[in-house]
Amino acid sequence: MQVDMTKESLCINKIIGQKTEYIMVEGDMIVPDVKPDILNTISTTGQVCIYKKEVLEGKIRIDGEVQVYVIYLADNENGETRSLNTSVDFTQVIDFENCDSSMSLDEVVSIGNLECRILNGRKINVKANLQFEGTLYSNETVEIVKQVNNVKDIQSLERNLTVNSLVGEGTSKAFAKDTIVIDNIDNLAEILKTEVAIKNRDIKISYNKVLAKADVCVKMLYLTEDNRVKLVESTVPIMGFVDIENVTEEDICDMKYKLKNMLVKPNSVEEHSIYIEAQIELYARVYQNKEINVIGDLYSPSKQLIFNQRSINTMSDKNCMQSACNIREKISAPEIVRKSNL
């Protein structure tokens, strides 16, 4: 006897595996001829940009760069503060069990620490220890039996569940472009350091689209021609759309903002400004809260039934919450005493 059943499709986004890996990136920086020799380094900072990632059979590959800023004390009579900056490219292949090209990777790559070693007055060596944290996802569509229709004398043991069914995922790009104006009295000599942070993230779901908005906050430390160190800040709003079919306002969206590339270019001294361009990747994964009726067991006194079950791992109770926290701390520092020879 053929049994007629009512089924419901469920798209499962399940975690295949998670991995933490440490990557060492190394490169040399040569002091340009127009800059003085290095006496000692003052600070070394950096920022990671991942511009390509691939999921392969049994492994993943990431390509990126570490943008390094070194502030140093010049070996000359004036003891000037100068800077060097460079981009160190890297490619890393990481073994990942049970992965194939149909899966998606959610990764976070951060700088653990930066080491700077002076080789000679015109050359330094930089080592960046990166921490990679990756989560591998797989999408699978399964059918859940909700009801048996053509058997009259049948009893079923049922229960209701609320699970998160994947509606879809997608990527898009947004660009933050701005010309940052510095004080008119400042003649820019060089940029010492640049920091970029993405804040005030917000999303809105409309028909077949997810709207993402955020602020790209830029901080720059620069040196003037009369050897003064100054700070300038700017906030650049960005907006982008990620196309995903069948999304609704009631769905839950998990949006990631990732810095893919950055360009910083000083304009002419007369313009008193700096041009910056940052490329941000928007990656959205949208879920729907779905109530399903699951049959736990079947029984019929007149029919011989064979009931098989399958275990499925899926997400449930996924929510997006946001809160604002104010952090205030008082730091006691020893008194700074300046001595001068009279």
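The first residue of the sequence shown is numbered 1, and numbering continues consecutively from there.
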Would you say the side-chain atoms of [X] pair up with the backbone N or O of [Y], donor to acceptor, closer than 3.5 Å?
X	Y	answer
R122	P32	yes
H272	V181	no
Y51	I62	no
N208	N246	yes
K258	E107	yes

Output the distance between atom [atom1] ([X]) and atom [atom2] ([Y]), rounded to the nearest 0.5 Å.
X	Y	atom1	atom2	value
I238	K177	CD1	NZ	13.0 Å
T179	N267	OG1	CG	6.0 Å
I182	I180	CD1	CD1	10.5 Å
I252	Y287	CD1	OH	9.5 Å
L231	E233	CG	CD	5.0 Å
I71	T45	CD1	OG1	6.5 Å

### Task
Carefully, step by step, assess F241 and V210 under the rule side-chain contact (heavy atoms from CB on, under 4.5 Å).
CA-CA 6 Å; F241 291 94; V210 179; over 6 Å; no

When hydrophobic residues are tied together by side-chain contacts of less than 4.5 Å, even through go-betweens, does [X] share a cluster with [Y]?
X	Y	answer
V218	L223	no
L211	I203	no
L282	V109	no
V242	V167	yes
V25	I94	yes

Looking at side-chain heavy atoms only, is the closest gap between [X] and [Y] below 4.5 Å?
X	Y	answer
I280	K173	no
D215	I198	no
N129	I111	no
V48	L130	yes
T235	V216	no
N13	R285	yes
L192	V229	yes
Y275	P266	no

Assess whether a salt bridge exists between [X] and [Y], defined as any Lys/Arg side-chain N lying under 4.0 Å from an Asp/Glu carboxylate O.
X	Y	value
K256	E281	no
D202	K204	no
R117	E115	no
D243	K209	yes
K53	D63	no

Indicate whether any N or O donor in one side chain lies under 3.5 Å from an N or O acceptor in the other, for [X] and [Y].
X	Y	result
Y137	D106	no
D37	N76	no
E26	N125	yes
Q67	E65	yes
N139	E169	yes
S234	D178	yes
E190	S83	yes

Evaluate whether atom [atom1] of [X] has more than 12 neighbouring non-hydrogen atoms of other residues, nucleotides or ligands under 6.0 angstrom away.
X	atom1	value
E249	CD	no
M239	CE	no
K19	NZ	yes
E225	CD	yes

### Task
Could you check N187 against D226 for side-chain contact (heavy atoms from CB on, under 4.5 Å), going step by step and ending with a plain yes or no?
CA-CA 8 Å; N187 292 326; D226 55 355; over 6 Å; no

Distance-minimising heavy-atom pair for [X] and [Y]:
X	Y	value
L166	V286	CD1-O, 3.3 Å
I50	K260	O-NZ, 2.7 Å
E57	S101	OE2-N, 3.8 Å
I118	L39	CD1-O, 3.9 Å
C116	T44	CB-OG1, 3.4 Å
K193	Y69	CA-CD2, 3.8 Å

#### Entry: Qualifying residue for side chain to side chain contact (heavy atoms under 4.5 Å, CB included) with D28, from T86, V88, L119
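The single option meeting the side chain to side chain contact (heavy atoms under 4.5 Å, CB included) with D28 is L119.
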
### Task
List the steps, then state whether salt bridge (charged side-chain N to carboxylate O under 4.0 Å, His left out) holds for D186 with R228.
CA-CA 9 Å; D186 293 342; R228 290 180 294 115; 2.7 Å; yes

### Query
Where do I274 and I191 land on the side-chain contact (heavy atoms from CB on, under 4.5 Å) test, with the steps shown first?
CA-CA 9 Å; I274 304 166; I191 298 172; 3.7 Å; yes

### Query
Could you walk me through whether T81 and I42 pass the side-chain contact (heavy atoms from CB on, under 4.5 Å) check?
CA-CA 9 Å; T81 300; I42 299 174; 4.1 Å; yes

